[in-house]
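A quick write-up on the structure given underneath.
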2 protein chains.
Amino acid sequence: MKAKITLKDIARELEVSISTVSKALKNSEEISRDTKEKIQAFAKLYNYKPNNIAISLKNKRTKNIGVVIPAIVHHFFTTVIRGIEKYANAKGYNVIVCLSEESFDKEVINMEMLANGSIDGFIMSLSSETQQKEDYNHLKEVTEQGIPVVLFDRITNEVDCDKVIIDDQLGAYLATKKLIGQGRKKIALITTDDYLSVSKARTEGYRKALSESDLDVDESRILKLSSMEMDEKSIGDFFDANEVDAVLCVNEIFTVFSMRLVQEKGLSIPEDISFIGFTDGLLSKYANPSLTVVAQHGEKMGEISAQMLIDKVESENEEETFHTKILEPTLVVRDSTIN
Amino acid sequence: MKAKITLKDIARELEVSISTVSKALKNSEEISRDTKEKIQAFAKLYNYKPNNIAISLKNKRTKNIGVVIPAIVHHFFTTVIRGIEKYANAKGYNVIVCLSEESFDKEVINMEMLANGSIDGFIMSLSSETQQKEDYNHLKEVTEQGIPVVLFDRITNEVDCDKVIIDDQLGAYLATKKLIGQGRKKIALITTDDYLSVSKARTEGYRKALSESDLDVDESRILKLSSMEMDEKSIGDFFDANEVDAVLCVNEIFTVFSMRLVQEKGLSIPEDISFIGFTDGLLSKYANPSLTVVAQHGEKMGEISAQMLIDKVESENEEETFHTKILEPTLVVRDSTIN
DNA sequence: AGATCAAACGAAAACGGTTTCGTGTTAATA
DNA sequence: TATTAACACGAAACCGTTTTCGTTTGATCT
């Protein structure tokens with residue numbers, strides 16, 4: 001086991017000072033050709049690599065960015081991470097991922113762990129519990145300390161920071177319009193509770209599209225499922241109680257789950273009833289029939305978040321201007337709607 | 001913007017030395033009650049939190065663990081990360097995730113970035129390119145430096161370190177046996193190239209089950225698809241050319257994709273043909289019909305990996321004994337096989 | 001009163017780098 | 001020949017902790 005070699009080791013071995021070694025390895029003009037070559041050769045030979053921690057301490061820069069998300073076993077978040085990684089790595093940054101598991105407390109703990117020097121900035125999406133409690137003090141504390149934060153997807157206006165979202169309202173609007181354009185009149189919406197910022201916006205888009213087309217919004221056609229877990233019964237009852245010819249769901253799972261129930265009732269998709277979901281994941285691609293969805297462009301979202309964060313981290317000036325980048329969702333048409 | 005407060009700040013403000021502050025905050029017996037109370041109160045008031053980087057430098061321990069995986073947009077890896085996070089966080093560790101994207105070079109670069117002090121140990125699954133090239137020098141260098149490594153799922157025997165895998169051969173064996181037990185005789189295998197350690201083991205399990213039941217292994221019934229991308233044609237041709245009554249696939253996507261093609265040919269599942277896949281992900285649960293699969297228990301795998309790594313990191317003794325933990329796969333029976 | 005000891009605190013080294021500011025040597029200039 | 005400037009290098013401070021090893025002070029003992 002050969003331990004890592006340090007500047008001090010090189011200095012001792014070559015009988016020069018530590019400063020000389022440091023400068024030589026940075027190719028400083030201060031050091032003579034001879035000395036530089038000797039030191040560089042020695043460093044190469046012993047595979048010297050500077051200690052990141054020491055550099056971090058000196059520079060007060062870790063080149064780490066903290067990503068705090070509610071869950072990772074979700075296609076959307078997974079693509080966002082991928083986008084973040086892609087941009088961050090290219091810029092020489094590492095990504096520390098923490099999961100809040102939709103819990104407010106875990107979100108707070110994770111942020112506190114990271115905020116004490118481990119990272120240069122945060123990229124986050126709020127846990128559902130946080131959005132429910134509307135308690136954003138942990139975020140405010142961090143920003144007040146001068147640590148840059150970028151919020152994506154599940155955001156809040158209570159915190160002054162950069163934000164990246166897709167236009168969820170527009171997404172739902174486009175999807176609903178599409179269904180209306182295909183002659184659907186009794187369009188249901190299956191969503192989560194309104195405290196999730198994204199669900200709220202999607203519901204608004206749905207309503208907007210309907211009223212624009214002079215279709216009245218029948219509240220009984222809106223099903224709100226609490227949390228991510230859905231039970232067969234509530235969805236089943238919903239379809240028994242309401243006659244619908246199209247359904248917009250706020251995620252993939254609601255969509256495939258509902259489709260299955262409807263198919264079991266003997267309806268055929270998309271002839272009798274159309275479905276549109278959110279998130280362009282594996283499920284959408286491989287469901288039977290494949291899903292028409294509102295694509296959220298998670299990877300792009302991740303890249304942009306990383307870019308905004310790193311820009312802030314590396315910018316000298318302390319200007320306190322924050323931007324909100326709104327991405328356009330796109331409709332990916334597959335077989336769960338009439339072509 | 002209130003900047004972080006340091007020991008030095010407290011010392012200056014309270015007119016004591018830095019050492020006194022440090023000891024007082026650790027409740028050292030060396031410091032008098034009065035002084036401790038004064039310092040602790042002050043620290044609380046100004047919300048003092050020690051700087052992680054400084055502590056890391058001092059202790060030569062970062063409390064970070066590096067996770068290098070081939071991809072993140074895969075249910076299996078995603079569950080492993082979750083397991084790692086769960087255990088690591090409970091132990092006060094953070095998780096730095098790096099993606100190799102199945103590329104050898106990226107794997108090497110990521111490891112080098114992290115190996116210079118950023119982490120206390122690695123948890124990894126090899127990229128396909130690495131397994132193809134059979135070049136493990138980057139791993140060997142790291143272990144030689146005394147940095148603990150735990151390899152999971154896609155492993156190699158070339159490197160001395162702890163390993164966690166599921167018994168892939170057994171998984172395939174059980175699945176194949178199950179199909180045979182249901183009277184299937186012409187069982188196909190859809191897999192990837194053999195350089196992936198897991199695919200190789202699965203193929204062996206498949207062969208073993210067949211020969212044990214005196215069914216001869218018809219090589220034409222084994223389809224090897226290169227990489228993760230499959231094309232409709234090669235799979236279609238395969239089913240045209242071979243009459244099969246059951247299929248074992250090495251992942252979810254191959255399974256649903258093949259099922260679709262077979263369904264389009266007018267066969268019904270599981271009456272005419274059965275399917276079993278690997279990985280118990282969302283696709284399996286929501287496919288139509290839902291998939292019978294070999295569950296890999298990714299979360300458990302992650303937890304065990306994290307545990308093995310942290311044990312090594314925190315163990316004082318330098319004993320060089322490595323263990324390989326083999327998890328038992330289980331068959332999750334759903335609707336793509338006869339019940 | 002002088003020696004001894006414990007209590008309470010501070011100085012300084014250490015972790016591994018970077019960087020500023022000397023300083024000694026040599027060569028060019030007046 | 002005395003002055004000066006450039007060159008090549010080293011000393012030391014610094015980043016924020018921890019920790020060892022003094023040192024001071026007052027009390028106790030003889």
Side-chain angles (χ1 to χ4, degrees), chain A residues 3-40 42-43 46-64 113-120 145-147, chain B residues 3-40 42-43 46-64 113-120 145-147:
Chain A
K4 292 245 85 175
I5 191 175
T6 69
L7 286 188
K8 193 194 280 192
D9 298 328
I10 301 183
R12 186 177 358 89
E13 221 58 36
L14 261 35
E15 297 182 309
V16 292
S17 76
I18 294 180
S19 358
T20 303
V21 178
S22 175
K23 288 169 191 166
L25 293 178
K26 301 186 104 66
N27 238 317
S28 160
E29 291 304 322
E30 249 181 289
I31 310 297
S32 71
R33 263 181 62 91
D34 283 2
T35 313
K36 276 199 284 195
E37 279 173 4
K38 188 178 59 176
I39 293 178
Q40 288 171 2
F42 190 91
Y46 286 93
N47 192 31
Y48 169 80
K49 294 280 166 52
N51 180 308
N52 291 332
I53 299 292
I55 293 178
S56 293
L57 183 58
K58 184 94 245 275
N59 299 346
K60 292 163 156 264
R61 285 280 198 76
T62 61
K63 286 253 173 184
N64 285 157
M113 278 195 72
L114 296 179
N116 300 118
S118 300
I119 49 105
D120 296 339
Q145 281 175 28
I147 302 178
Chain B
K4 293 245 86 173
I5 191 175
T6 70
L7 287 186
K8 192 194 279 192
D9 298 328
I10 302 182
R12 188 179 355 90
E13 221 59 35
L14 261 36
E15 297 182 307
V16 292
S17 76
I18 294 179
S19 358
T20 303
V21 178
S22 175
K23 288 169 190 164
L25 292 177
K26 303 188 103 65
N27 238 317
S28 159
E29 292 304 321
E30 248 181 286
I31 308 298
S32 71
R33 261 181 65 90
D34 283 2
T35 312
K36 277 199 284 196
E37 279 173 4
K38 189 177 59 176
I39 292 178
Q40 288 172 2
F42 190 92
Y46 287 93
N47 192 33
Y48 169 79
K49 294 279 167 52
N51 180 308
N52 290 333
I53 299 291
I55 293 179
S56 293
L57 182 58
K58 186 93 242 279
N59 298 348
K60 292 163 154 264
R61 285 282 200 75
T62 61
K63 287 251 170 186
N64 286 156
M113 276 195 72
L114 296 178
N116 301 117
S118 299
I119 49 107
D120 296 339
Q145 280 173 29
I147 303 178

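Note on naming: letters A, B, ... go to the chains in the order of the sequence lines (proteins, then strands), and numbering restarts at 1 for each one.
- Side-chain N/O atoms of A/K4 and base N/O atoms of C/dG16 include no donor-acceptor pair closer than 3.5 Å.
- Applying a 4.0 Å cut-off to non-hydrogen atoms, the residues of residues 48-59 of chain B that approach DNA chain C are B/L57, B/K58, listed by residue number.
- Between A/N27 and A/Q40 the shortest side-chain heavy-atom distance falls below 4.5 Å.
- If you check every strand for non-hydrogen atoms under 4.0 Å, A/S22 touches a base.
- Regarding B/E29, its CD atom lies at a distance of 10 Å from the P atom of C/dA7, rounded to whole Å.
- Looking at A/V21 and A/L14, their side chains never come closer than 4.5 Å, going by heavy atoms from C-beta outward.
- Counting any heavy atom pair closer than 4.0 Å across all strands shown, B/K26 reaches sugar-phosphate atoms only and no base atom.
- C/dA8 atom P lies 13 Å from atom CD1 of B/I39, rounded to whole Å.
- One finds a side-chain N or O of B/K60 lying less than 4.0 angstrom from the OP1 or OP2 phosphate oxygen of C/dG16.
- If you walk DNA chain D from 5' to 3' and mark each nucleotide with an atom closer than 4.0 Å to a heavy atom of chain B, the marks span D/dC15 to D/dC21.
- We find that CD1 of A/I5 is positioned 13 Å from C1' of C/dG16, with the value rounded to whole Å.
- In this structure, the NZ atom of B/K8 is 16 Å from the P atom of C/dG10, given to the nearest Å.
- Across all non-hydrogen atoms, the minimal contact from B/A24 to B/I31 is N-CG1, 4.1 Å.
- Remark: C1' of C/dA14 and CD1 of B/I18 are 14 Å apart, rounded to the nearest angstrom.
- Nucleotide C/dT19 holds its P atom 11 Å from the CD atom of A/E30, rounded to whole Å.
- To the nearest angstrom, C1' of C/dC9 lies 11 Å from NZ of B/K38.
- Side-chain contact between A/I5 and A/N47 is absent, with no heavy atoms from C-beta onward closer than 4.5 Å.
- The CG atom of A/D120 lies 7.5 Å from the OG atom of A/S56; values are rounded to the nearest 0.5 Å.
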Set out, in order, the CA-CA distance, both residues' side-chain angles and the distance that settles side-chain contact (heavy atoms from CB on, under 4.5 Å) for B/K4 and A/N116, then state yes or no. CA-CA 8 Å; B/K4 293 245 86 173; A/N116 300 118; 2.8 Å; yes

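- Rounding to the nearest 0.5 angstrom, the gap separating the NZ atom in A/K49 from the CE atom in B/M113 is 12.0 Å.
- At the heavy-atom level, B/S19 lies under 4.0 Å from base atoms of the strands shown.
- With sequence neighbours excluded, no residue forms a side-chain contact (heavy atoms from CB on, under 4.5 Å) with B/K58.
- Computed from coordinates, the B/E15 CD to C/dC9 C1' distance equals 15 Å when rounded to whole Å.
- Using a 4.5 Å heavy-atom cutoff, the side chains of A/N51 and A/T6 are not in contact.
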